[in-house]
Number of protein chains: 2
Amino acid sequence: MRVAVVEDDLSIVNLLKRVLIKEGFSVREFSTAERFLSAVFDYGEKFDAVILDLMLPGINGVEACRFLRERGSDVPVLMLTALSEEDDKVKGLDSGADDYLTKPFGIRELLARLRALLRRRGKVSFTPEPFGIVITDVGALVDGKEVKLTGRERELLKVLLENRGKVVSKEELLQKVWKGEAVSKRVVDVHVKHLRDKIGDRIETVWGVGYRLVERTPE
Amino acid sequence: MRVAVVEDDLSIVNLLKRVLIKEGFSVREFSTAERFLSAVFDYGEKFDAVILDLMLPGINGVEACRFLRERGSDVPVLMLTALSEEDDKVKGLDSGADDYLTKPFGIRELLARLRALLRRRGKVSFTPEPFGIVITDVGALVDGKEVKLTGRERELLKVLLENRGKVVSKEELLQKVWKGEAVSKRVVDVHVKHLRDKIGDRIETVWGVGYRLVERTPE
DNA sequence: ATAACATCTTAACAGTTCCTTAAGGTTTTT
DNA sequence: AAAAACCTTAAGGAACTGTTAAGATGTTAT
């Protein structure tokens, strides 16, 4: 799975390279949009996705994206936007980009959004975000879709996700989510139920022990 | 998308050229109204929009605009006026200009107004301002429409816009808009309500946390 | 200077969302 | 089959937000 990273900030490039390679993508980096476009149109390089910075020297992200679309490319584009204080800098999102992310961003959210784009284009990401779940500030991204969660639900999912694949006992959940508040053990059940309703049957009951986050609903 | 810039101040011409070209417009510059009108009526040049300075040597912006309209042209005209010429604004609009902007102006505001004009004429703006909102000195442009805001409302919207798509906690809003003044937390709610009344339901409540500016009302 | 107006904050009440508990039903274990 | 653990649903209350209005303060017009 080839990903082009078009970005002039070296620290971001290096971060992305490290993470993406670790996740099994092959990464090609470009410091300017011109070089990237040249690679695509002059040398016929193909990419499964493009991570494109909005502010670039010379041709910027918006123009580059428009250029791609005008020439019929439907490669998924994830736009990175910085929120600069300067008002005279032109910021904009081209309608041709598929998604955007504001710097500074969380790596896991970036990966989740990238995979969601690939999935939408019918390309299966072979190293999916563990369990396709990322905690966000409003709840969670589940298979690229935003799901709103309440405070408790979010915390509960967070603990389960941190221990994904492993069984978490009710005692541990009570301790980590309810911080030793004096509540009935049954609250866990209720919130698990609500979580299941929202994110689908990904929480497995391990009888007599606790709960476990699983990849998919096992039959 | 062709834009004519009729302006004798070179520094402004160069700024506009740079920005507009970067935004994908093709720009034709004229230092006098005579040359511009000649291009239109003698040589039949067509433009999708005209940015017209009010004070020009020879024929001025008002006269040029009236000339255009008298001859049946309905090209969108954005008039540039200097602060000292405030009184002439009315004249400018009377002559058939579609919108005006006072120098010195913000580039983002100019682009937003230009796009609003194009949109009104059924020409699609291909690089929409993110979330269709631009902060101006009197309030904000929302989908190209001028909305007057009070000081607090404006600051509040500004902070939300800077964090668009992300949740901003009430604490952060209090800190950034109210700079640590000793006020009740509820002032935020009240101003959010007022903002919603003015700009439409674009502010989403994240229960127990804060608010978030969203693209459209998610019903 | 005074009146008219705009803005900001607080307060109060109404409405909503969230959390917990309780109760009855279901499944699993013994 | 009985007991234990879990599922499901609903209700009450707590916490939070929405809405409105009034008073305080500042600003502009007469």
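The chains referred to below are lettered A, B, ... by the order of the sequence lines, with proteins before strands, and numbering in each begins at 1.
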Colleague: What is the distance, rounded to the nearest whole Å, between atom CD of B:Glu204 and atom P of D:dG18?
Modeller: 11 Å
Colleague: Minimum heavy-atom separation for A:Leu160 to A:Tyr211, with atom names?
Modeller: CD2-O, 4.1 Å
Colleague: Between which nucleotides of DNA chain C, read 5' to 3', does contact with chain A run, using atoms under 4.0 Å from its heavy atoms?
Modeller: C:dC18 to C:dT29
Colleague: B:Ser184 or A:Leu149: which one's nearest nucleotide on DNA chain C is closer to the 5' end?
Modeller: B:Ser184
Colleague: How long is the line joining CG of B:Leu195 and C1' of D:dG18, in whole Å?
Modeller: 15 Å
Colleague: D:dC6 P sits how many Å from A:His191 NE2, rounded?
Modeller: 17 Å
Colleague: Please figure out whether A:Val192 or B:Val192 has its closest DNA chain D nucleotide nearer the 5' end.
Modeller: A:Val192
Colleague: Which sits closer to the 5' end of DNA chain C, B:Lys148 or A:Ala182, going by the nucleotide each is nearest to?
Modeller: B:Lys148
Colleague: Does the plane of the ring in B:Phe30 sit parallel, tilted or perpendicular to the ring in B:Phe47? Use 30° and 60° as the thresholds.
Modeller: perpendicular
Colleague: Can you tell me how far P of D:dA5 sits from OH of A:Tyr211, to the nearest Å?
Modeller: 12 Å
Colleague: Roughly how many Å is it from CG in B:Asp189 to C1' in D:dT20, rounded to a whole number?
Modeller: 13 Å
Colleague: Check whether more than 12 heavy atoms from other residues, nucleotides or ligands sit under 6.0 Å from atom NZ of B:Lys198, and answer yes or no.
Modeller: yes
Colleague: At under 4.0 Å between heavy atoms, what does B:Val187 touch on the DNA or RNA strands: base, sugar-phosphate, or nothing?
Modeller: base
Colleague: Using whole Å, report how far CZ of A:Arg196 lies from P of D:dC6.
Modeller: 11 Å
Colleague: Please tell me if B:Lys170 has a side-chain N or O lying less than 4.0 Å from either OP1 or OP2 of D:dT17.
Modeller: yes
Colleague: I would like to know whether A:Lys193 and A:Asp189 meet salt bridge (charged side-chain N to carboxylate O under 4.0 Å, His left out); could you show each step before the answer?
Modeller: CA-CA 6 Å; A:Lys193 152 84 168 141; A:Asp189 305 49; over 6 Å; no
Colleague: Look at the side-chain N and O atoms of B:Lys193 and state whether any lies under 4.0 Å from the OP1 or OP2 oxygen of D:dT17.
Modeller: no
Colleague: Find the distance B:Arg186:CZ to D:dA15:P and express it as a whole number of Å.
Modeller: 14 Å
Colleague: How close or far is atom C1' of D:dG18 from atom CG of B:Asp197, stated in whole angstroms?
Modeller: 11 Å
Colleague: Closest to the A:Trp207 side chain: D:dA15, D:dA5, D:dT8?
Modeller: D:dA5
Colleague: So for atom NZ, which belongs to A:Lys158, do other residues, nucleotides or ligands contribute more than 12 heavy atoms lying within a distance under 6.0 Å?
Modeller: no
Colleague: Would you say B:Asp98's side chain and B:Leu78's backbone share a donor-acceptor pair under 3.5 angstrom?
Modeller: no
Colleague: Between the side chain of B:Glu63 and the main-chain N/O of B:Asn60, is any donor-acceptor distance below 3.5 Å?
Modeller: yes
